[in-house]
*Asks:* 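Input: one structure, supplied below.
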Amino acid sequence: MKRKIALLSVAGLITFLVVYLAQTRNGYFDSKVYYGAIQYWFRGDGGMVYDWLRAGTPYGFTYPPFAGLVMSPMAFLPFGAVVVIAIVATVLTTALLIWWFARDLIRRRGWTVWFAYGIAVCLAISFEPVRETITFGQVNTLLLTLVAGDLLFGLGRGRKWAGVGIGVATAIKLTPGIFIVYLLVTRRWRAAATASGAAAGATLLAAAIFPDESREFWTSALWDTNRVGVLSFLSNQSERGFLARLPIAQVEARVWLVCVLVTLAFWAWRVAKAPDDIMGGLALTGVVGCLISPVTWIHHCVWLLPAIVRCVDLGTRNQKILGGAAYLLMTSRLTWLWEKRPRPPLELIGGNLYVWFSLALLIWTPIGTPRSADVHEEDKILT
């Protein structure tokens, strides 16, 4: 017992130091953007949230107006309180997600639950996308929690409200909308309609309250890629980012469109073959969302966590190696070696580690296997 407490304490200390070092680089930059935009919107001279840009940068508010409505308390809170709330929310949602994803693995292996779970949470918080989410002040784990909870406890248990979480997440940030496509591919018509209705309802509510902002977002701000940064920046670990770093500027957009269609077709084929494997569907859809989005900053890659855990939990020996390697290399910051000192041809591999691992996870993450089906039945019994 004492040894386990000591080991867990050391793991917690290392995790704290890792996050602290990341904070010295990132300084809650995204929270400062949100805070500045919301303050300007609600307490400024009547300008729209999309008018505001952080001084000396092209960065402004990039989310739909409903997200601004959700973030409106920022207009009345000191920035320090916003940072504390964001950190606590990210840590708590990460802990909750790891319980959902890893609890059955811990129990099946016969590990001491509190110790194994504590170590797993430390590992998850140390995972670069999660620690970047914390230190940029992002919302990624909150959205993942909405979607995962909806799928695992709404769809998985046949609840009538299944789809609401996905819809609300989509209204806050458009990228979770890929999960509505997942519901359609797996013929969950009711849940797809519920998700679409929730997204539309939240969007229309924001439009009724903020008509000018809604018009500006859907007709202008949404299409202005300069607001989110340069596509070729190394942190953009989507297929579009990978292509933007290649010397193919004249055909890049067309090649990207082909890649997106092929990637979506392969993903749809895999998830359609195993419509009852909801955890597998969550894992693969999280991966494909990162791949096809025009911009997938490294902190967005928290969506890869379900696939990594899935590989380690239910994979064959090679799939377990894939999951472990994905975690270790993505946590190592190795890809950043190519940020300012390109070293071709190694840059093609090292500078796109997240893209390559995302593709590997899309291809080899176990879904619909006899073993995963058995585990799914066990989960039904437990719940």
Side-chain angles (χ1 to χ4, degrees), residues 97-109 144-145 147-159 162-163 165-166 176-192 194-195 239 260-292 301-327 356-383:
L97 288 166
I98 292 304
W99 179 246
W100 291 347
F101 299 160
R103 62 182 177 182
D104 296 322
L105 166 64
I106 292 170
R107 288 168 174 168
R108 283 195 304 273
R109 297 294 176 89
L144 178 54
T145 301
V147 171
D150 197 352
L151 289 177
L152 298 176
F153 303 104
L155 191 66
R157 298 183 183 182
R159 307 300 189 195
I166 292 171
I178 186 63
F179 286 90
I180 299 178
V181 182
Y182 165 73
L183 295 174
L184 293 171
V185 169
T186 55
R187 300 175 182 270
R188 266 54 179 254
W189 310 120
R190 181 190 178 98
T194 301
E239 290 178 335
V260 166
L261 293 175
V262 171
T263 303
L264 279 173
F266 181 78
W267 160 79
W269 172 71
R270 289 208 73 196
V271 297
K273 288 201 309 177
D276 295 328
D277 189 351
I278 294 173
M279 184 62 195
L282 168 63
L284 290 187
T285 307
V287 172
V288 83
C290 290
L291 283 168
I292 67 172
C301 292
V302 298
W303 294 93
L304 302 182
L305 265 178
I308 291 173
V309 175
R310 182 77 166 188
C311 286
V312 173
D313 184 9
L314 299 179
T316 62
R317 180 175 179 273
N318 288 339
Q319 288 168 329
K320 290 181 187 296
I321 292 172
L322 169 61
Y327 173 83
W356 297 123
F357 274 113
S358 295
L359 288 169
L361 289 169
L362 180 65
I363 296 169
W364 287 298
T365 295
I367 182 172
T369 62
R371 189 178 178 189
S372 65
D374 291 341
V375 171
H376 186 62
E377 290 303 315
E378 291 175 12
D379 291 344
K380 285 183 178 179
I381 294 172
L382 288 171
T383 56

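Atom set for the values below is all heavy atoms of this structure, side chains included, hydrogens, waters and symmetry mates excluded.
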*Asks:* Is any side-chain heavy atom of L291 less than 4.5 Å from a side-chain heavy atom of V260?
*Replies:* no
*Asks:* To check you understand the geometry: which heavy-atom pair defines the closest contact between L184 and A192, and what is its length?
*Replies:* CD2-CB, 3.6 Å
*Asks:* Would you sort out whether F101 and I308 count as a side-chain contact (heavy atoms from CB on, under 4.5 Å), showing the intermediate values?
*Replies:* CA-CA 10 Å; F101 299 160; I308 291 173; over 6 Å; no
*Asks:* side-chain contact (heavy atoms from CB on, under 4.5 Å) between V288 and V271: does it pass, once the steps are laid out?
*Replies:* CA-CA 11 Å; V288 83; V271 297; over 6 Å; no
*Asks:* Decide yes or no for P366 and R310: does some side-chain heavy atom of the first lie under 4.5 Å from some side-chain heavy atom of the second?
*Replies:* yes
*Asks:* With W189, which residues qualify under ring-ring contact (aromatic ring centres under 6.0 Å, His included), at least two apart?
*Replies:* none
*Asks:* Look up atom CG in L97 and atom CG in L144, then write down how far apart they are to the nearest 0.5 Å.
*Replies:* 4.5 Å
*Asks:* What are the two closest non-hydrogen atoms of C290 and C301, and how far apart are they?
*Replies:* SG-CA, 4.1 Å
*Asks:* Only counting residues at least two apart or in another chain, list the ones meeting side-chain contact (heavy atoms from CB on, under 4.5 Å) with I321.
*Replies:* R317, N318
*Asks:* Locate the shortest heavy-atom distance separating R107 from W99; write the atom from each residue and the value.
*Replies:* NH2-CZ2, 3.5 Å
*Asks:* Which heavy atom of A307 sits nearest to which heavy atom of V287, and what is that distance?
*Replies:* CB-CG2, 3.7 Å
*Asks:* Can you list everything that forms a side-chain contact (heavy atoms from CB on, under 4.5 Å) with V181? Sequence neighbours excluded, please.
*Replies:* I178, V185, W267
*Asks:* Using a strict cut-off of less than 4.0 Å between a Lys/Arg side-chain nitrogen and an Asp/Glu carboxylate oxygen, indicate whether R108 and D313 qualify as a salt bridge.
*Replies:* yes
*Asks:* How would you list, by chain and number, every residue that makes a side-chain hydrogen bond (donor to acceptor under 3.5 Å, both in side chains) with R188, sequence neighbours excluded?
*Replies:* T186
*Asks:* Could you pull out the closest heavy-atom pair between V312 and K320, with the gap in Å?
*Replies:* O-NZ, 2.8 Å
*Asks:* Under the 3.5 angstrom rule, does the side chain of R270 hit a backbone N or O of L284 as a donor-acceptor pair?
*Replies:* no
*Asks:* Sequence neighbours left out, cut at 3.5 Å: what donor-acceptor pairs do the side chains of residues 356-365 make with other protein atoms?
*Replies:*
residue	atom	partner	partner atom	Å
W356	NE1	L348	O	3.0
S358	OG	Y354	O	2.6
T365	OG1	L361	O	2.6

*Asks:* Would you please test T145 and W100 for side-chain contact (heavy atoms from CB on, under 4.5 Å) and show each step?
*Replies:* CA-CA 10 Å; T145 301; W100 291 347; 3.9 Å; yes
*Asks:* Mind jotting down which residue pairs meet the ring-ring contact (aromatic ring centres under 6.0 Å, His included) criterion with at least one end in residues 301-326? Sequence neighbours excluded, please.
*Replies:* F179-W303
*Asks:* Distance from I278 atom CD1 to T285 atom OG1, nearest 0.5 Å?
*Replies:* 11.0 Å
*Asks:* G154 and A162: which non-hydrogen atoms are nearest, and at how many Å?
*Replies:* C-CB, 3.5 Å
*Asks:* If only atom types and distance count, is the side chain of D150 paired as donor or acceptor with the main-chain N or O of I166 below 3.5 Å?
*Replies:* yes
*Asks:* For a 4.5 angstrom cut-off between non-hydrogen side-chain atoms, does M279 reach P306?
*Replies:* yes
